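Note sheet for the following structure.
Only a predicted model underlies this, so the values are computations on that prediction, with no experimental measurement involved. Residues: numbered from 1 along the sequence shown.
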Amino acid sequence: MSEKTLRICDKGHRYYKSSDCPTCPTCEEEKKPTTGFLSEVSAPARRALIAEGIDTLEVLSRYSEKQILRLHGIGKASLPVLRKALAEEGHGFQDANKRGLNGNN
Ligand SMILES: [Zn+2]
């Protein structure tokens with residue numbers, strides 16, 4: 001059973017969480033970048049990317065989609081967002097680069 005419990009973060013925000021993840025969603029929202037691909041993915045995905053040191057599209061393009069999916073917090077929904085962000089800057093995932101951009105996805 002995962003009972004949601006009330007947490008209060010360092011800044012006094014109150015929130016309910018059922019996991020052990022101590023991250024406060026309000027703080028997370030305040031830290032949220034307003035531009036770039038990190039602003040377009042979900043908070044867990046953003047944390048995963050930042051934790052991996054992926055904070056620019058250039059760094060992101062050194063990874064394959066498989067590698068990105070393996071990161072804790074990255075869901076399948078994040079991939080199209082990242083792929084689009086890369087494509088807009090003329091980048092692509094490692095495997096996408098090799099395969100070419102005319103795949104079915
Ligand atoms: Zn907070």
Side-chain angles (χ1 to χ4, degrees):
M1 288 299 292
S2 55
E3 197 80 10
K4 291 200 170 192
T5 55
L6 176 65
R7 318 281 175 89
I8 301 172
C9 84
D10 293 342
K11 289 185 183 170
H13 305 130
R14 288 158 175 267
Y15 59 102
Y16 287 88
K17 280 233 169 164
S18 55
S19 70
D20 288 335
C21 174
T23 311
C24 163
T26 306
C27 288
E28 206 54 36
E29 202 56 37
E30 285 172 359
K31 272 189 293 184
K32 182 180 169 177
T34 52
T35 58
F37 70 102
L38 288 173
S39 70
E40 294 175 37
V41 294
S42 67
R46 187 164 56 246
R47 277 199 298 274
L49 291 167
I50 291 169
E52 183 73 14
I54 304 171
D55 53 3
T56 67
L57 286 169
E58 203 189 345
V59 177
L60 180 63
S61 69
R62 293 179 204 148
Y63 288 77
S64 70
E65 294 189 11
K66 266 187 180 171
Q67 286 174 313
I68 293 297
L69 269 178
R70 243 180 262 143
L71 301 178
H72 178 73
I74 303 280
K76 282 228 161 87
S78 304
L79 268 192
V81 177
L82 296 173
R83 203 183 291 135
K84 181 168 165 281
L86 283 167
E88 279 170 359
E89 297 296 320
H91 294 290
F93 284 112
Q94 275 299 307
D95 41 358
N97 287 340
K98 280 180 213 148
R99 207 170 50 218
L101 293 171
N102 47 4
N104 289 332
N105 286 331

* To do: Considering non-hydrogen atoms only, spot the tightest contact between L82 and F93 and give its length.
  => CB-CZ, 3.7 Å
* Structure fact -> d(L60 CG, R83 CZ) to nearest 0.5 Å is 11.5 Å
* Supply the atom-to-atom distance R70 CZ to K66 NZ, rounded to the nearest 0.5 angstrom. => 7.5 Å
* Identify the heavy atoms of S18 and R7 that sit nearest to each other, and give their distance. => C-NH2, 4.5 Å
* How many angstroms lie between CD in E58 and CG in D55, if you round to the nearest 0.5 Å? -> 11.0 Å
* Shortest non-hydrogen contact between C9 and C27, atoms and distance -> SG-SG, 3.7 Å
* How many angstroms lie between atom CD1 of I74 and atom CD1 of I54, to the nearest 0.5 angstrom? -> 7.0 Å
* **Member of E52, R46, R47 meeting the side chain to side chain contact (heavy atoms under 4.5 Å, CB included) criterion with I50** => R46
* May I ask you to decide if S61's main-chain N or O and Q94's side chain share a donor-acceptor pair within less than 3.5 Å? => yes
* **Side-chain (K17) to main-chain (P25) donor-acceptor, under 3.5 angstrom** => no
* Backbone of S64 reached by a side-chain donor or acceptor of D95 within 3.5 Å -> no
* Structure fact -> One should read off an interatomic distance between L69 CG and Y63 OH, to the nearest 0.5 angstrom, of 14.0 Å
* Can you tell me how far the OG1 atom of T26 sits from the OH atom of Y15, to the nearest 0.5 Å? -> 9.0 Å
